[in-house]
Chemist: 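Dropping the structure in here first, questions after.
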Amino acid sequence: VVMVRDRGLERSFQELIVNEGQKVGGFTFNFKANKVRAMKQHVGKGLWMTYVQRPSFTRVELYIYRGPDNYDETFELFEKFHEHKSEINAAFGRKLNWDSDPEKNACRIEMTYNGFDLHDQTCWGDFAKRMVSDMNKLNYALEPHYSNL
């Protein structure tokens with residue numbers, strides 16, 4: 001099933017996440033809805049804490065990217081976090097996905113939520129709450145590592 005992009009629904013879901021983040025506070029307080037399917041906060045050179053939404057899943061992540069021709073630098077940065085993987089997973093509270101794919105030219109430390117349906121607004125609230133809560137936890141787990149870079 002190919003789902004057509006619905007920018008109106010995407011924007012509405014982002015606004016729900018933003019509102020939830022402003023209620024909860026912490027790191028999630030300053031995100032802003034936008035025209036793309038990811039909301040990012042820059043936290044260091046080549047580092048963004050990101051909410052991602054697609055028609056059938058969502059995720060929170062640290063997106064690591066040093067440019068189109070710098071995968072080696074991107075991967076080195078990823079490795080600095082990976083050296084502390086067990087400590088970061090423990091601080092987050094469960095096992096994160098650690099994705100370093102040279103084909104994508106970027107790396108991610110992320111938590112993906114399957115079962116999301118952009119076209120079923122009854123599921124939005126639960127996903128938004130979980131994403132905001134986990135974004136604060138993810139930032140808490142990663143901030144001691146990115147703040148020293």
Chemist: With the side chain counted from C-beta on, respond yes when His145 and Glu83 share a heavy-atom pair under 4.5 Å apart, and no when they do not.
Modeler: no
Chemist: Taking the six-membered ring of Tyr51, is NZ or CZ of Lys40 closer than 6.0 Å to its centre and within 45° of its axis?
Modeler: no
Chemist: What is the distance from atom CE of Met49 to atom CD of Gln41, rounded to the nearest 0.5 Å?
Modeler: 8.5 Å
Chemist: Does some side-chain heavy atom of Lys32 sit less than 4.5 Å from a side-chain heavy atom of Asn34?
Modeler: no
Chemist: Check the pair Lys45, Arg66 against side chain to side chain contact (heavy atoms under 4.5 Å, CB included), reporting the backbone distance first and the verdict last.
Modeler: CA-CA 8 Å; Lys45 185 180 176 206; Arg66 283 280 176 94; 3.7 Å; yes
Chemist: Within the side chain of His42, is there an N or O that forms a donor-acceptor pair under 3.5 Å with the backbone of Gly44?
Modeler: yes
Chemist: Do other residues, nucleotides or ligands put more than 12 heavy atoms under 6.0 Å from Lys85 NZ?
Modeler: yes
Chemist: Is it possible for you to say whether Leu149 and Phe27 belong to one hydrophobic cluster, with membership spreading through side-chain heavy-atom contacts below 4.5 Å?
Modeler: yes
Chemist: Between CG of Asp72 and CG of Leu77, what distance do you get to the nearest 0.5 Å?
Modeler: 12.5 Å
Chemist: What verdict does the side chain to side chain contact (heavy atoms under 4.5 Å, CB included) test give for Tyr63 and Leu47, after you've listed the backbone C-alpha separation in whole Å, the side-chain angles of each residue and the deciding distance to 0.1 Å?
Modeler: CA-CA 6 Å; Tyr63 181 77; Leu47 301 171; over 6 Å; no
Chemist: Applying side chain to side chain contact (heavy atoms under 4.5 Å, CB included), can you list everything that pairs with Asn19, at least two apart in sequence or on another chain?
Modeler: Gln22
Chemist: Could you give the distance from NE2 (His82) to OG (Ser100), rounded to the nearest 0.5 Å?
Modeler: 7.0 Å
Chemist: Let me see the working for Asp134 and Tyr113 under side-chain hydrogen bond (donor to acceptor under 3.5 Å, both in side chains), right down to the final yes or no.
Modeler: CA-CA 11 Å; Asp134 283 354; Tyr113 312 95; 2.7 Å; yes
Chemist: What I'd like to find out is whether the side chain of Asn70 reaches to under 4.5 Å of the side chain of Phe75, using heavy atoms alone.
Modeler: no
Chemist: Would you sort out whether Cys107 and Tyr71 count as a side chain to side chain contact (heavy atoms under 4.5 Å, CB included), showing the intermediate values?
Modeler: CA-CA 9 Å; Cys107 297; Tyr71 185 74; 3.7 Å; yes
Chemist: Are Leu9 and Val18 grouped together when hydrophobic residues (ILVMFWY) are joined by side-chain heavy atoms under 4.5 angstrom apart?
Modeler: yes
Chemist: May I ask whether Tyr140 and Leu96 are part of the same hydrophobic cluster, defined by side-chain heavy atoms of I, L, V, M, F, W, Y residues being less than 4.5 angstrom apart, directly or through others?
Modeler: no
Chemist: Can you give me the closest heavy-atom contact between Glu15 and Ala33, atom names plus distance?
Modeler: CG-CB, 3.9 Å
Chemist: Using ring centroids (six-membered ring only for Trp), state whether Tyr146 and Phe81 fall under 6.0 Å.
Modeler: no
Chemist: Can you tell me how far OG1 of Thr50 sits from CG of Leu62, rounded to the nearest 0.5 angstrom?
Modeler: 7.5 Å
Chemist: Roughly how far, to the nearest 0.5 Å, is the CZ atom of Phe29 from the CG atom of Asn136?
Modeler: 12.0 Å
Chemist: Do Glu61 and Ile109 make a side-chain contact, defined as non-hydrogen atoms from C-beta onward lying under 4.5 Å apart?
Modeler: no
Chemist: Quick one: which of Met111, Arg130, Arg37, Gln53 gives a side chain to side chain contact (heavy atoms under 4.5 Å, CB included) with Thr58?
Modeler: Gln53
Chemist: Between Glu10 and Arg7, is the closest basic N to carboxylate O distance under 4.0 Å?
Modeler: no
Chemist: Do Gln121 and Leu16 make a side-chain contact, defined as non-hydrogen atoms from C-beta onward lying under 4.5 Å apart?
Modeler: no
Chemist: Linking I/L/V/M/F/W/Y whenever any side-chain heavy atoms sit under 4.5 Å apart, do Trp124 and Met131 land together?
Modeler: yes
Chemist: Report the C-alpha distance between Glu76 and Lys80 in whole Å, list the side-chain angles of each, state the deciding distance to 0.1 Å, and finish with yes or no for salt bridge (Lys or Arg N to Asp or Glu O under 4.0 Å).
Modeler: CA-CA 6 Å; Glu76 273 177 43; Lys80 288 183 185 346; 5.3 Å; no
Chemist: Taking the side chain as every heavy atom from C-beta outward, state whether Ile17 and Phe31 have any atom pair closer than 4.5 Å.
Modeler: no
Chemist: Are Thr74 and Phe78 close enough that some pair of their side-chain heavy atoms sits under 4.5 Å apart?
Modeler: no
Chemist: Would a 4.5 Å heavy-atom cut-off, applied to side chains only, mark Asn89 and Arg94 as touching?
Modeler: no
Chemist: Report the C-alpha separation of Arg108 and Asp101 in whole Å, then their side-chain angles, then the decisive distance to 0.1 Å, and conclude whether the salt bridge (Lys or Arg N to Asp or Glu O under 4.0 Å) test is met.
Modeler: CA-CA 9 Å; Arg108 293 176 171 81; Asp101 183 352; over 6 Å; no
Chemist: Below 30° counts as parallel, above 60° as perpendicular, anything between as tilted: where do the rings of Phe116 and Phe127 land?
Modeler: perpendicular
Chemist: Taking only residues two or more places apart in sequence, or in another chain, which ones meet Asn114 in a side chain to side chain contact (heavy atoms under 4.5 Å, CB included)?
Modeler: Phe57, Thr112
Chemist: Identify whether Trp48 and Val52 are in the same connected component of the hydrophobic contact network (ILVMFWY, side-chain heavy atoms under 4.5 Å).
Modeler: no
Chemist: Find the distance between CG (Leu118) and CZ (Arg54) and round it off to the nearest 0.5 Å.
Modeler: 11.0 Å
